[in-house]
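So the structure is just underneath, and the comments pick up after that.
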Amino acid sequence: MGGEQNTVVAIDNFLADPHALMAYASMKPDFTAPENPFYPGVRKTLPASYDSMLRDALTPVLQKEYNLPEENFSVDTCHYSLVTKGAQELHPLQCAPHFDATTERQFASILYLTETDMGGTSLYRHRGSGFEHISAARIPRYEAMRQEDIRRYGPPTRGYINGDTPAFQRICNVSWRFNRLVIYR
């Protein structure tokens, strides 16, 4: 997708029994706010069996779709995530697209387990820099250009980003679908 041709993978009907994972989440209501204050909600650790299943299922996908050598992959963090903050409660940094990591070998995955359409996952191009992904080498330029965006356009509009803004252009939207897994760098 996009000018940089970053690969995004969507796998429908990922789990044979997604309702079992949903039931596990509701067994004990021990969702907590993460230490990182930038996630706008609460999280709960998934069972270890999910980590190993995810690693085993995604290893051939990562090797094929991202041309990675054969090796064992690890799962760093695996948790249920519930967005609980209203749009007006968001920190300004939560009102613009974010990136989780700057390494080429780290991937994010999202499994939609809600039966309510929450809009999916969008990826963006930063208009000023043209960047569609942020590597470690790109951080200084990106951060300088983001400061320029704030001077030029003001802080991001309070709320969850859902489409183009003066500073960002949506280049991909993977729509919500129950039991769909989305993977991207």
Side-chain angles (χ1 to χ4, degrees), residues 1-14 34 36-43 58 61-62 64-67 76-185:
M1 57 95 204
E4 293 183 353
Q5 292 296 289
N6 292 300
T7 299
V8 178
V9 177
I11 303 171
D12 289 339
N13 303 311
F14 180 68
N36 175 340
F38 295 112
Y39 181 73
V42 293
R43 290 189 164 152
L58 294 187
V61 173
L62 294 172
K64 178 183 178 222
E65 298 299 329
Y66 296 96
N67 298 314
D76 290 337
T77 59
C78 219
H79 44 257
Y80 296 96
S81 298
L82 293 172
V83 173
T84 57
K85 282 189 177 182
Q88 295 305 311
E89 299 175 79
L90 295 176
H91 184 282
L93 289 175
Q94 295 170 318
C95 301
H98 73 278
F99 55 93
D100 294 322
T102 59
T103 64
E104 295 293 317
R105 297 182 45 96
Q106 190 164 356
F107 299 85
S109 66
I110 300 169
L111 176 62
Y112 302 126
L113 286 178
T114 177
E115 295 191 9
T116 302
D117 184 345
M118 301 302 287
T121 300
S122 292
L123 301 171
Y124 291 84
R125 172 184 302 113
H126 178 246
R127 292 180 191 270
S129 66
F131 295 158
E132 296 174 358
H133 85 280
I134 306 299
S135 65
R138 288 180 166 183
I139 287 177
R141 178 178 157 103
Y142 176 74
E143 289 184 354
M145 304 244 11
R146 285 293 293 137
Q147 291 303 312
E148 179 60 30
D149 291 342
I150 292 169
R151 282 190 291 280
R152 180 179 292 154
Y153 309 119
T157 302
R158 186 70 52 137
Y160 290 99
I161 187 168
N162 187 20
D164 294 349
T165 71
F168 292 95
Q169 177 185 13
R170 180 163 46 190
I171 57 173
C172 176
N173 183 61
V174 181
S175 60
W176 165 91
R177 183 176 185 176
F178 179 71
N179 199 20
R180 172 177 279 171
L181 181 80
V182 180
I183 309 161
Y184 53 93
R185 252 193 188 100

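Note that these values count all heavy atoms, side chains included, but never hydrogens, waters or copies made by symmetry.
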Cys95 backbone acceptor or donor facing Arg158 side chain under 3.5 Å: no
Test item: Tyr66 side-chain N/O and Thr7 main-chain N/O as donor-acceptor pair under 3.5 Å: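 Yes; judged by distance alone, with no hydrogens or angles, the pair exists.
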Point-to-point distance, once rounded to the nearest 0.5 Å, from [atom1] of [X] to [atom2] of [Y]:
X	Y	atom1	atom2	answer
Phe131	Phe168	CZ	CZ	11.5 Å
Glu148	Met145	CD	CE	7.0 Å
Asn67	Glu65	CG	CD	8.5 Å
Ile183	Leu62	CD1	CG	6.0 Å
Asn13	Phe178	CG	CZ	9.5 Å
Thr84	Arg43	OG1	CZ	11.0 Å

To check you understand the geometry: which heavy-atom pair defines the closest contact between [X] and [Y], and what is its length?
X	Y	value
Gly3	Glu132	N-OE2, 2.9 Å
Asn173	Ser122	OD1-OG, 2.7 Å
Arg185	Phe107	CG-CE2, 3.6 Å
Tyr39	Pro34	CB-CG, 3.8 Å
Asp149	Ala167	OD2-CB, 3.5 Å
Tyr160	Val83	OH-CG1, 3.2 Å

Under a 4.5 Å cut-off applied to non-hydrogen side-chain atoms, are [X] and [Y] in contact?
X	Y	value
Asn179	Leu111	yes
Asn6	Tyr184	no
Pro97	His126	no
Trp176	Thr116	no
Thr121	Val8	no

Pair Glu143 + Arg146: basic N to acidic O under 4.0 Å: no
Salt-bridge present (Asp164, Arg127; N to O < 4.0 Å):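 Salt bridge present between Asp164 and Arg127.
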Residues His98, Phe38; criterion ring-ring contact (aromatic ring centres under 6.0 Å, His included); working and verdict: CA-CA 10 Å; His98 73 278; Phe38 295 112; 9.6 Å; no
For Arg170, the option from Leu123, Thr165, Ile161, Asn162 that meets side-chain contact (heavy atoms from CB on, under 4.5 Å): Asn162
Any side-chain donor near an acceptor of the partner, Gln169 and Arg125, under 3.5 Å: yes
Worked verdict on His133 versus Phe99 for ring-ring contact (aromatic ring centres under 6.0 Å, His included): CA-CA 8 Å; His133 85 280; Phe99 55 93; 9.9 Å; no
